[in-house]
**Student:** 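Have a look at the structure that comes next, please.
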Protein chains: 2
Amino acid sequence: MHSERVASRSADPRDPRDSRESRSGTPQLDAVSLGIIEQLQEDGRRPYAAIGKAVGLSEAAVRQRVQKLLDQGVMQIVAVTDPLTVGFRRQAMVGINADGDLEPVADALTAMPEVEYVVMTAGSFDILAEIVCEDDDHLLDVINKRIRILPGVRSTESFVYLKLKKQTYMWGTR
Amino acid sequence: MHSERVASRSADPRDPRDSRESRSGTPQLDAVSLGIIEQLQEDGRRPYAAIGKAVGLSEAAVRQRVQKLLDQGVMQIVAVTDPLTVGFRRQAMVGINADGDLEPVADALTAMPEVEYVVMTAGSFDILAEIVCEDDDHLLDVINKRIRILPGVRSTESFVYLKLKKQTYMWGTR
DNA sequence: TCCCAGAGCTGCGAAATCCGCAGCCTTGGA
DNA sequence: TCCAAGGCTGCGGATTTCGCAGCTCTGGGA
């Protein structure tokens with residue numbers, strides 16, 4: 001039994017290690033690590049032994065891999081909620097257009113505590129940022145006094161959240 | 001010591017229970033539960049005893065509260081990653097405009113495994129949906145053959161992700 | 001070719017954590 | 001006034017986590 005020890009050598013002939021990196025500097029993951037992530041996407045507190053049984057590894061090995069994935073920043077194990085149910089009254093997605101290099105703008109957004117999510121995109125917006133605020137005043141303040149002021153920012157468009165319908169992290173399990 | 005047992009009765013005079021619900025049917029949370037969530041937003045695997053010490057509750061009480069929060073769907077404890085680093089080549093935010101009742105459209109989106117995030121918004125889009133795909137063909141397929149076909153959908157606009165800059169869930173700790 | 005260093009895995013006790021349960025207290029309704 | 005329900009505590013027993021020593025495989029250097 002413990003069926004696929006194979007996975008660690010057949011699926012990807014190379015080591016599970018960071019033998020090859022994508023250009024962004026993030027390590028490449030083998031099938032076993034993906035399996036571990038998949039298990040933890042279902043339940044972030046699942047015991048290492050149970051994960052090991054599922055992916056064909058010992059408890060200790062799973063523990064080492066998980067620790068490494070966390071250290072590398074590849075994954076994080078956290079509680080997620082719908083902010084609207086936890087006292088934050090206003091949440092919005094903001095589309096941003098800017099001139100020149102977008103990196104400094106994105107970095108400035110990343111530094112703001114109210115900004116939960118920043119992604120650079122292709123399309124009619126250069127950057128999308130998700131904002132979580134206490135109330136309308138707070139939201140207005142962040143957008144007008146903190147974002148639209150950033151050097152290079154040409155325009156913004158806001159989408160205030162009315163209702164969160166879905167929020168999952170289980171793409172691994174489909 | 002165990003300073004604020006107060007919190008469970010002074011901050012909000014009512015029980016920590018779902019004595020009063022917001023209109024969406026989600027229970028109201030007291031300060032202690034918020035504290036627990038905050039702890040788990042920093043580290044989803046933090047031991048119950050450590051959380052208890054931080055919020056002034058026994059280990060068993062924390063365990064019961066966490067279980068209840070999970071059962072109620074108020075929070076989930078999961079591993080989150082940047083899909084782009086885990087083998088999914090294409091990710092996009094799609095803005096959608098539709099006629100009539102938006103609920104069925106949102107429900108249909110929610111049912112799609114490739115859709116990770118669905119939110120109804122105010123602004124020039126009615127719905128925002130985040131999509132995670134294997135590659136360009138897959139993405140194109142989902143948008144053209146699955147989303148734009150939905151009854152009521154008038155138009156869509158896509159923002160393909162180039163680089164994820166920030167992704168946090170620690171709004172509680174600021 | 002031989003040898004060594006590094007990475008990853010296993011197995012194993014010790015320590016810490018999780019879990020179920022009985023009992024106590026408070027609140028609200030009959 | 002009494003009872004039922006919800007929430008909390010404390011406590012053992014079962015389970016899990018943790019640290020460590022030892023093994024294997026691989027790649028590089030002499």
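By convention in this document, chain letters (A, B, ...) are assigned in the order of the sequence lines, proteins followed by strands, and residues within each chain are numbered from 1. The figures here come from the full heavy-atom set of this structure, side chains too, leaving out hydrogens, waters and symmetry mates. Everything quoted here is computed from the prediction, not taken from an experiment.
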**Student:** Compare all side-chain heavy atoms of A:Lys166 with those of B:Tyr117 and state whether any distance is below 4.5 angstrom.
**Tutor:** no

**Student:** Under 4.5 Å between side-chain heavy atoms, hopping through other hydrophobics if needed: is there a path connecting B:Leu109 to B:Leu139?
**Tutor:** yes

**Student:** Taking salt bridge (charged side-chain N to carboxylate O under 4.0 Å, His left out) as the definition, give me every residue that meets it alongside B:Lys165, ordered by chain and number, with sequence neighbours left out.
**Tutor:** A:Glu103, A:Asp107

**Student:** Do any side-chain nitrogens or oxygens of B:Lys68 fall under 4.0 Å of OP1 or OP2 in D:dG7?
**Tutor:** yes

**Student:** Rounded to the nearest angstrom, tell me the gap between atom CZ in A:Arg65 and atom P in D:dC18.
**Tutor:** 18 Å

**Student:** Using a strict cut-off of less than 4.0 Å between a Lys/Arg side-chain nitrogen and an Asp/Glu carboxylate oxygen, indicate whether A:Lys163 and A:Asp82 qualify as a salt bridge.
**Tutor:** no

**Student:** Between protein and nucleic acid, restricted to nucleotides 12-17 of chain C and to nitrogen or oxygen atoms under 3.5 Å apart, what atom pairs and distances do you find?
**Tutor:**
none

**Student:** Starting from C1' on C:dC9, measure out to CD1 on A:Ile51 and report it in whole angstrom.
**Tutor:** 16 Å

**Student:** Got a salt bridge between A:Asp135 and A:Arg90, using NZ or NE/NH1/NH2 to carboxylate O under 4.0 Å?
**Tutor:** no

**Student:** Between B:Phe159 and B:Phe125, how do the two ring planes meet: parallel, tilted or perpendicular, split at 30° and 60°?
**Tutor:** perpendicular

**Student:** Between B:Glu114 and B:Arg146, does any side-chain N to carboxylate O distance fall below 4.0 Å?
**Tutor:** yes

**Student:** Using whole Å, report how far NZ of A:Lys53 lies from P of C:dT10.
**Tutor:** 14 Å

**Student:** Would you tabulate the pairs of protein nitrogen or oxygen atoms and nucleotide nitrogen or oxygen atoms of nucleotides 21-24 of chain D closer than 3.5 angstrom?
**Tutor:**
none

**Student:** Answer yes or no for A:Arg45 and B:Tyr48: cation-pi contact, defined as NZ/CZ to six-membered ring centre under 6.0 Å and angle to ring axis within 45°.
**Tutor:** yes

**Student:** Taking CG from A:Asp71 and C1' from C:dG8, how many angstroms apart are they, rounded to a whole number?
**Tutor:** 16 Å

**Student:** Rounded to the Å, how far apart are B:Ile36 CD1 and D:dG7 P?
**Tutor:** 12 Å

**Student:** Please report the distance, rounded to the nearest Å, between CZ in A:Arg46 and P in D:dT17.
**Tutor:** 12 Å

